[in-house]
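Heads up: the structure comes next, in structure tokens.
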Amino acid sequence: MGLFDDDFYSTKISRRSKNTSEDRSERTKWRTTRRKKGLSTFQISAISSVCSALIAVMLFSFITGHPATSSPITMINGSHQLSTSDGDPYERIISAAQKVRPAVVSVLTHKETPLPEEEGLEGEGLEEESGTLPEDEGDFELPEGFDFGEDFDFGEDFGGSQEDALGSGVIFKKLEGKAFVITNNHVVEGADSLEVVLVGGEKKKATLVGTDNVSDIAVLSIDSKGIGEVAEFGDSSKLRLGETVIAIGNPLGLGDTLTSGIVSYTNRIIPVSLNQDGIYDWEQEVIQTDAAINEGNSGGALVDLNGKVIGINTMKIADTGVEGLGFAIPVNEITEVVTELMLKGHIARPYLGVYTVDLSNPYAPLSKKEKEDLKLPKTVTEGVVVLDALGPALDAGLQLNDVIVKLDGKPITTTLELRKHLYYNTKVGGDLNVTFYRDGKLQSLKVKLEEKPGE
């Protein structure tokens, strides 16, 4: 016998009886039948592979937050097919860009520069090389067929010059054969003529519908022929920190450029100098993003992953060593402005008619002598000093060196607060109660506000 009772391990020839052999055959047959009911190595490997794949997909969905399944292709505005599959984390960026791209345009502004005034018409300098023209020569005419040649230089001032600038815009509405484009006021300010370049390269002449310096918004109109897509506005109040956004525009003339980033801050307050005199007299609420915004992006779209415009790109901080600080005007802040610009061409704002300086302005502080001339009580350290009174203010009796301290009973310490109270709390044609110091005495008067004249 072998070392084991089980014949499977025996190395010797069995000498057992016939019955034993028959029993062994039956046991062998039973074992063989049992093996046939089990799974083969290949089947086990296949099942393990499938289970591993399912587990991997489930883990990916759990970690990234993206569903593992994809939904059917949907139609956008009846033309572009957008896959709404979320399996690829970047698929939503691709779909959002595909949806809004046709509505983002380039804005070209042209400014005509007049010829400089001619000097020395009485012959100064004409004798230096060629001598003076004879007085009896009359009008000088070139021979028929004369050609200056391709290399002849007429000079920079010949025929005047034209300054061109670039920006971006968003088509947001079509109405009565016209398409309306929103952009920044600073993009079109001072332009003599305007053009819009569609995403396909077609140029269209644009007309300025209206503009507003305070909100930095302008609206243009173009012929709607050939324009199929218009942008859809989203709800900028629902933005969250870290949300992915896309900036689309025309930076440095590279039209139809797309960059992506996140929302760095949802409602950043940026000081603004409306008069461009270096003194901040307004504040603008903006969306801060690290999506690349460069010169020419102004007026373009900041888009969420649903393909909706949630901001109009307006500025960036371009100091040395500063990166990823771009800003866009939230669409919720400009909806009413855009509507009024389309109806009236301008924004009707109340007008007091004073030029002022802050009593406690750290950037342009009053001298000791100037403060003494105001004859203010020592307890008065904040207010707005009137430098000039025009229109309603002049009619009501405000004068130079009056120091405004209250409007409608509300304390006013800066020009910014004065402007905010006018724009947010008063109406054109309404009365404004002004409390001020004159020669050290506290006084008050009532001003009937007028509509602010055009800039």
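- Listed for the Thr211 side chain is no donor-acceptor partner under 3.5 Å among the backbone atoms of Ala218.
- A distance of 9.0 Å separates CD of Gln98 from CD of Glu91, quoted to the nearest 0.5 Å.
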Could you go through Leu400 and Asp388, starting from their C-alpha distance and side-chain angles, then the distance that decides it, and tell me whether this counts as side chain to side chain contact (heavy atoms under 4.5 Å, CB included)?
CA-CA 6 Å; Leu400 172 67; Asp388 195 7; over 6 Å; no

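- Between the side chains of Asn332 and Ser236, at least one donor N or O sits under 3.5 Å from an acceptor N or O.
- Leu166 is not listed as a side-chain neighbour of Thr109, based on a closest heavy-atom distance of 4.5 Å or more.
- In this structure a side-chain-to-backbone donor-acceptor pair under 3.5 Å is missing from Ser224 to Ile227.
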Applying side chain to side chain contact (heavy atoms under 4.5 Å, CB included) to Arg419 and Tyr423, what does each step give before you reach the verdict? CA-CA 6 Å; Arg419 194 186 298 268; Tyr423 292 171; 3.4 Å; yes

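- Taking a cutoff of 4.0 Å between a charged side-chain nitrogen and a carboxylate oxygen, Glu283 and Lys420 qualify as a salt bridge.
- Looking only at side-chain heavy atoms (C-beta outward), Tyr355 and Leu390 come within less than 4.5 Å of each other.
- In plain terms, the two heavy atoms of Leu341 and Val209 that are nearest each other are O-CG1, 3.7 Å.
- Atom CG of Leu418 sits about 6.0 Å away from atom CD1 of Ile412, to the nearest 0.5 Å.
- Of all the heavy atoms in Asp256 and Arg101, the pair that sits closest is OD2-NH2, 2.6 Å.
- Closest of all the heavy-atom pairs between Gly296 and Ser168 is O-OG, 2.6 Å.
- Counting only residues at least two apart or in different chains, salt bridge (charged side-chain N to carboxylate O under 4.0 Å, His left out) contacts with residues 333-348 comprise Glu340-Lys344.
- Note that the CG atom of Asp358 and the OG1 atom of Thr414 stand 5.5 Å from one another [nearest 0.5 Å].
- Using a 4.0 Å cut-off between charged side-chain N and carboxylate O, Asp395 and Lys448 make no salt bridge.
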**Report entry** Working for salt bridge (Lys or Arg N to Asp or Glu O under 4.0 Å), residues Lys178 and Asp223
**Finding:** CA-CA 5 Å; Lys178 294 182 179 180; Asp223 179 16; over 6 Å; no

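- Under a 3.5 Å cut-off, the side chain of Asp216 and the backbone N or O of His186 do form a donor-acceptor pair.
- With no hydrogens or angles considered, a side-chain donor-acceptor pair links Arg92 and Asn306 at under 3.5 Å.
- Leu407 is not listed as a side-chain neighbour of Glu417, based on a closest heavy-atom distance of 4.5 Å or more.
- Between Leu432 atom CG and Lys427 atom NZ the span is 14.5 Å, to the nearest 0.5 Å.
- The heavy-atom pair separating Val104 from Ala301 by the smallest distance is CG2-CB, 4.0 Å.
- A 6.0 Å sphere centred on CD of Glu243 holds more than 12 heavy atoms belonging to other residues, nucleotides or ligands.
- Classification of Asp402 and Arg438 as a salt-bridged pair holds, one side-chain N sitting under 4.0 Å from a carboxylate O.
- For the salt bridge (Lys or Arg N to Asp or Glu O under 4.0 Å) test, residues two or more places apart in sequence or in another chain that qualify with Glu232 are Lys99, Lys308.
- In summary, of the residues considered (Leu198, Val196, Val199, Leu220), a side-chain contact (heavy atoms from CB on, under 4.5 Å) with Ile171 occurs for Leu198 alone.
- At a threshold of 4.5 Å between non-hydrogen side-chain atoms, the residues Glu382 and Val405 do not count as touching.
- Residues Thr435 and Leu442 are in side-chain contact: their nearest non-hydrogen atoms beyond the backbone lie under 4.5 Å apart.
- Residues Leu302 and Ile246 fail the side-chain proximity criterion, which asks for heavy atoms closer than 4.5 Å.
- Looking at Ser444, its side chain never comes within 3.5 Å of a backbone N or O of Val434 through a donor-acceptor pair.
- Contact check for Asn250 versus Asn297: no side-chain heavy atoms found under the 4.5 Å cut-off.
- For the 3.5 Å distance criterion, the side chains of Asp408 and His421 qualify, holding a donor opposite an acceptor.
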Does the side chain to side chain contact (heavy atoms under 4.5 Å, CB included) test come out yes or no for Asn313 and Thr289, once each step is laid out? CA-CA 10 Å; Asn313 300 323; Thr289 177; 5.5 Å; no

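- Relative orientation of the Trp282 and Tyr424 rings is tilted, given thresholds of 30° and 60° on the angle between their planes.
- Judged by distance alone, the side chain of Asn184 and the main-chain N or O of Val187 form no donor-acceptor pair under 3.5 Å.
- Using a distance-only test at 3.5 Å, with no hydrogens or angles considered, no donor-acceptor pair links the side chain of Asn294 to the main chain of Pro251.
- His346 NE2 to Asp212 CG: the interatomic distance, rounded to the nearest 0.5 Å, is 10.0 Å.
- Judged by distance alone, the side chain of Thr266 and the main-chain N or O of Leu239 form no donor-acceptor pair under 3.5 Å.
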*Given Lys204 and Glu202, is the salt bridge (Lys or Arg N to Asp or Glu O under 4.0 Å) satisfied, shown in steps?*
CA-CA 7 Å; Lys204 289 179 176 287; Glu202 181 184 358; 3.5 Å; yes

Show your reasoning for whether side chain to side chain contact (heavy atoms under 4.5 Å, CB included) applies to Leu449 and Val428. CA-CA 6 Å; Leu449 299 174; Val428 175; over 6 Å; no

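- Side chain to side chain, Asp164 and His110 meet the donor-acceptor criterion of an N or O pair below 3.5 Å.
- Here the straight-line distance linking atom OH of Tyr265 with atom CZ of Phe327 works out to 12.0 Å at 0.5 Å rounding.
- Ser298 places a side-chain N or O within donor-acceptor distance of the main-chain N or O of Thr314, the cut-off being under 3.5 Å.
- Looking only at side-chain heavy atoms (C-beta outward), Ile329 and Ile217 come within less than 4.5 Å of each other.
- Residues Asp290 and Gly261 come closest through the heavy atom pair OD1-CA, 3.2 Å.
- Across all their heavy atoms, Gln288 and Leu325 have their closest contact at NE2-CD2, 3.2 Å.
- Counted by atom type alone, Thr356 and Thr415 present one or more donor-acceptor pairs between their side chains at under 3.5 Å.
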